Amino acid sequence: VFGKDVILILILNNLSSDHKTVKVDMSASTILYTRRAVAEILKATTSVDLGSKQGKHIQLKIPYSYYGKYLTTDKRIQVTALCEVMHMHGVKLLVEKTIILEDTNIIIKIPRRVVVNKAVTLEISYANPLPEPVNRCVLLVTLMNQQVKIHLAQLAPRERSKIYFEFTPRRTGPLQLQVDFSCDKFSHVKGFVTIAVAPA
């Protein structure tokens, strides 16, 4: 989840009956959705001894403090592990994993029944998932082809807050509501719901 430390586990298994030593070069970079690297955020090398038919786990931790300021709106991190079996020339294995960090920031609550031409109040809650405060918070609400920009107060680390948004639907059928939350540390965290508007 965005704002938390990322923990990965690499599992190495020696399928042979011979003892093996494996050198593992691990690296992590923030990337765009096109897989183009933005910044390298972690580099680590370790060596693992594997006995006959033995398996071992290697844990890799990427703290938020490493990736936070380099993450793009795509919220992607590419992790690679190059595993080289020592004393066996040319035996290498490359493991790659792309992580997309999830947002759990926007929660939209709508009443059970929404009726045409009758005012309805929605609850929109938003959060700062980071271990540091955020400023210049803005909520952009898009509904019925109109946008409302709402400037919000600073959020403390890990704080969740809420606002109430009132509108009157003018037609029956499905209505799409989209919420876009931005601040000085991250932008375009989205949430949306489809509201079923019933006849009066």
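On a predicted model such as this, the values are computed, not experimentally measured, just so you know.
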How close do [X] and [Y] get, counting heavy atoms only, and between which atoms?
X: Lys53; Y: Leu15; answer: NZ-O, 2.8 Å
X: Leu71; Y: Arg76; answer: CD1-O, 3.9 Å
X: Lys69; Y: Ser65; answer: NZ-O, 4.4 Å
X: Pro131; Y: Pro157; answer: C-CB, 3.6 Å
X: Val115; Y: Pro199; answer: CG1-O, 3.8 Å
X: Leu10; Y: Cys83; answer: CD2-SG, 4.2 Å

Val141 and Asp180: CA distance, side-chain angles, deciding distance, side-chain contact (heavy atoms from CB on, under 4.5 Å) verdict: CA-CA 7 Å; Val141 181; Asp180 186 311; over 6 Å; no
Check whether [X] reaches the backbone of [Y] with its side chain - one donor and one acceptor, N or O, closer than 3.5 Å.
X: Asp5; Y: Tyr64; value: yes
X: Thr21; Y: Asp49; value: no
X: Asp184; Y: Asn135; value: yes
X: Asn14; Y: Gly51; value: yes
X: Thr30; Y: Tyr70; value: yes

More than 12 heavy atoms of other residues, nucleotides or ligands under 6.0 Å from [atom1] of [X]: is that the case?
X: Lys56; atom1: NZ; result: yes
X: Phe167; atom1: CZ; result: yes
X: Glu96; atom1: CD; result: yes

How many angstroms lie between atom [atom1] of [X] and atom [atom2] of [Y], to the nearest 0.5 angstrom?
X: Ile195; Y: Leu143; atom1: CD1; atom2: CG; value: 6.0 Å
X: Leu60; Y: Ile58; atom1: CG; atom2: CD1; value: 9.5 Å
X: Lys23; Y: Glu84; atom1: NZ; atom2: CD; value: 5.5 Å
X: Thr194; Y: Gln176; atom1: OG1; atom2: CD; value: 4.0 Å
X: His57; Y: Asn13; atom1: NE2; atom2: CG; value: 7.0 Å
X: Leu50; Y: His19; atom1: CG; atom2: NE2; value: 7.5 Å

Lys/Arg N to Asp/Glu carboxylate O, Glu132 vs Arg158, below 4.0 Å: no
Close side-chain approach of [X] and [Y], heavy atoms under 4.5 Å:
X: Ile107; Y: Ile124; value: no
X: Val24; Y: Leu12; value: yes
X: Met144; Y: Leu177; value: no
X: Glu123; Y: Ile108; value: no
X: Phe181; Y: Leu152; value: yes
X: Ser182; Y: Leu140; value: no
X: Ile31; Y: Ile77; value: no

With a 4.5 Å cut-off on side-chain heavy-atom distances among I, L, V, M, F, W and Y, is there a chain of contacts connecting [X] to [Y]?
X: Val38; Y: Leu101; value: no
X: Tyr126; Y: Phe192; value: no
X: Phe186; Y: Ile150; value: yes
X: Leu82; Y: Leu93; value: no
X: Val95; Y: Leu8; value: yes

Full working for side-chain contact (heavy atoms from CB on, under 4.5 Å) between Leu42 and Met26: CA-CA 8 Å; Leu42 186 70; Met26 294 179 283; over 6 Å; no
Pair Ser17-Ser52, side-chain hydrogen bond (donor to acceptor under 3.5 Å, both in side chains): steps then yes or no: CA-CA 4 Å; Ser17 52; Ser52 168; 5.2 Å; no
Test log, rule side-chain hydrogen bond (donor to acceptor under 3.5 Å, both in side chains), inputs Arg160 and Ser125: CA-CA 7 Å; Arg160 179 169 283 281; Ser125 80; 2.9 Å; yes
Derivation of the side-chain hydrogen bond (donor to acceptor under 3.5 Å, both in side chains) call for Ser29 and Glu40: CA-CA 4 Å; Ser29 298; Glu40 187 173 72; 4.7 Å; no
Residue pair Leu155, Ser161: steps toward the side-chain contact (heavy atoms from CB on, under 4.5 Å) verdict: CA-CA 8 Å; Leu155 284 175; Ser161 191; 3.8 Å; yes
Intermediate values then yes/no, side-chain contact (heavy atoms from CB on, under 4.5 Å), Val179 and Lys190: CA-CA 6 Å; Val179 177; Lys190 296 180 189 299; over 6 Å; no
Single hit among Leu122, Val197, Leu175 for side-chain contact (heavy atoms from CB on, under 4.5 Å) with Val114: Val197
